[in-house]
Participant: 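Next up is a structure, given as structure tokens.
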Amino acid sequence: MSGQRTSPLKNFFAGGFGGMCLVTAGHPLDTIKVRLQTMPIPPAGQTALYSGTFDCAKKIVVKEGVLGLYKGMAAPLTGVTPMFAVCFLGFGIGKRIQQTDADDPLTLVQLFKAGMISGVFTTAIMAPGERIKCLLQVQAANTGAQIKYKGPIDCAKQLYAEGGLRSIYKGTAATLLRDVPASGMYFMTYEWLQHVLTPEGKSRSDLSAGRTLFAGGMAGIFNWLVAIPPDVLKSRLQTAPEGTYPKGIRDVFKVMIREEGIRALYKGATPVMLRAFPANAACFFGYELAMKFLNKFAPNL
Ligand SMILES: CC(=O)O[C@H](CC(=O)[O-])C[N+](C)(C)C
């Protein structure tokens, strides 16, 4: 696969723009995912709060209006933009440290490793962003309960007051478990599809919008195929009352398997997969668009 180097700053800015496109396209399905993953287990004989993805979407819209689907979006938008900036920057660095020469082609395994490096880079921003986002998404679902957090900043302040940075960073190991392999799959899939879809004698930058959208969408699908089980554990851990799981995700895993069985590890899979393609197609499309813009108007960046 082509190993052509891109300026780190361009990767950073184009990645950030890609992240903004991803949030806008994917947040409603992300809200449904978190609601399904964290809904209370119904007492025997009673029905679950949501019977599935479409029921959940319908209930949110009826009860909270369409904006209910966009609840908690300020946090990912402010968090995901820099996170994707760092993610694409990290991928570029991951590729670079495996090359001896600027034009050295990279194998699929090297691309996977570069993606994993990017996953480590992003966790510093991703873990607190996910903690705040999940808490905000879930509190709106708790009928009757008093609203605890007014917004992302208030949520961060309260978490800090209650448990310091440790509380804000709760779920970091789970986030690493999710994002390191997932990022490997993400970038490897995208780069490989770009390579396969580029016609003989043409360069990647000539690729049509449709092919870029397809490669980006598939990268999202493969990312989530490996990310769903650790994501469920992460959401549970990050939204649980303090002290529920003293040993972190190991405890979440044990309790979940005991009480709900192995299938619980795939809760919320439908909205995740429904979101994965359009959100990541938008992300890579935005990234490539921003990169073209930067190459034209800031070639020396
Ligand atoms: C788990 C996650 O955030 O995946 C990102 C794609 C998406 O659908 O949000 C990709 N990546 C882990 C590389 C940031």
Side-chain angles (χ1 to χ4, degrees), residues 11-12 14-34 37 72-73 75-95 111-134 137 171-193 213 215-235 237-238 266 268-287:
N11 263 336
F12 183 84
F17 185 68
M20 290 170 81
C21 298
L22 168 126
V23 175
T24 312
H27 193 75
L29 282 153
D30 191 66
T31 301
I32 296 169
K33 177 201 81 174
V34 175
Q37 287 176 341
M73 184 163 123
L77 206 58
T78 39
V80 167
T81 306
M83 194 272 289
F84 267 77
V86 171
C87 174
F88 278 84
L89 171 73
F91 179 59
I93 294 174
K95 283 201 291 187
L111 290 169
F112 188 80
K113 283 189 197 160
M116 292 206 296
I117 292 169
S118 151
V120 176
F121 270 67
T122 50
T123 296
I125 304 177
M126 181 73 103
E130 285 277 305
R131 166 99 154 118
I132 293 166
K133 183 201 73 163
C134 288
Q137 284 174 320
T172 299
T175 309
L176 278 170
L177 192 70
R178 184 191 73 171
D179 285 349
V180 171
S183 300
M185 286 298 274
Y186 190 63
F187 284 107
M188 184 185 74
T189 306
Y190 182 70
E191 294 275 326
W192 176 70
L193 281 174
L213 288 167
M218 290 311 290
I221 298 280
F222 279 93
N223 173 83
W224 281 105
L225 279 177
V226 293
I228 292 177
D231 184 61
V232 177
L233 300 175
K234 181 197 71 57
S235 294
L237 179 68
Q238 289 185 316
Y266 286 89
T270 309
V272 168
M273 285 310 188
L274 286 176
R275 169 194 167 277
F277 193 95
N280 289 288
C283 174
F284 279 101
F285 184 73
Y287 168 82

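Both counts, for ligands and for their atoms, begin at 1 and track the order of listing. All residue numbers refer to positions in the sequence shown, counting from 1.
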Participant: Show the atoms of ligand 1 that are less than 4.0 angstrom away from any heavy atom in Arg178.
Facilitator: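 In order of number, 1 (C), 3 (O).
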Participant: Nearest protein heavy-atom contact for atom 14 (C) of ligand 1: which residue, which atom, what distance?
Facilitator: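 Result for atom 14 (C) of ligand 1: Phe84 CZ, 3.8 Å.
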Participant: Pick whichever of Asn223, Asp179, Thr175, Thr123 has a heavy atom sitting closest to atom 5 (C) of ligand 1.
Facilitator: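 Minimum heavy-atom distance to atom 5 (C) of ligand 1 goes to Asn223.
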Participant: If you define the side chain from C-beta out and look only at heavy atoms, does anything of Tyr190 sit under 4.5 Å from Phe222?
Facilitator: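 They are not in contact (no side-chain heavy atoms under 4.5 Å apart), so the answer is no.
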Participant: I need the nearest protein heavy-atom contact for atom 9 (O) of ligand 1: residue, atom name and distance, please.
Facilitator: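 Of the protein heavy atoms, Arg275 NH2, 3.0 Å lies nearest.
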Participant: How far is atom 3 (O) of ligand 1 from its nearest protein heavy atom, and which residue and atom name does that atom have?
Facilitator: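 The closest one turns out to be Met126 CE, 3.2 Å.
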Participant: Using a distance-only test with no angle check, is there a side-chain donor-acceptor pair under 3.5 angstrom linking Gln37 and Lys33?
Facilitator: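 No, Lys33 and Gln37 have no side-chain donor paired with an acceptor closer than 3.5 Å.
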Participant: Check the surroundings of atom CZ in Phe17: do more than 12 heavy atoms from other residues, nucleotides or ligands lie under 6.0 Å from it?
Facilitator: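 Open: at most 12 neighbouring heavy atoms sit under 6.0 Å from CZ of Phe17.
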Participant: Take every heavy atom of Ser183, measure it against each atom of ligand 1, and state whether any distance is under 4.0 Å.
Facilitator: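 True for this residue.
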Participant: Is there side-chain contact between Leu225 and Met185, with heavy atoms separated by less than 4.5 Å?
Facilitator: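 Side-chain contact under 4.5 Å: no.
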Participant: How are the rings of Phe284 and Phe88 set relative to one another: parallel (under 30°), tilted (30 to 60°) or perpendicular (over 60°)?
Facilitator: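 Perpendicular.
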Participant: How far is atom 13 (C) of ligand 1 from its nearest protein heavy atom, and which residue and atom is that?
Facilitator: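 Ranked first by proximity to atom 13 (C) of ligand 1 is Tyr186 CD2, 3.3 Å.
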Participant: Nearest 0.5 Å please: distance from the OG1 atom of Thr175 over to the CG atom of Asp231.
Facilitator: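 Spacing of OG1 (Thr175) from CG (Asp231) equals 9.0 Å.
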Participant: What do you reckon, are the aromatic ring centroids of Phe84 and Phe91 less than 6.0 Å apart?
Facilitator: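 They do not qualify: ring centres at least 6.0 Å apart.
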Participant: Return the closest protein heavy atom for atom 2 (C) of ligand 1 as residue, atom name and distance.
Facilitator: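 I find the closest protein heavy atom is Trp224 CZ2, 3.9 Å.
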Participant: Can you tell me which portion of Asn280 lies within the under-4.0 Å heavy-atom range of ligand 1? Options are side chain, backbone, both, or neither.
Facilitator: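 Contact part for Asn280 vs ligand 1: side chain (C-beta onward).
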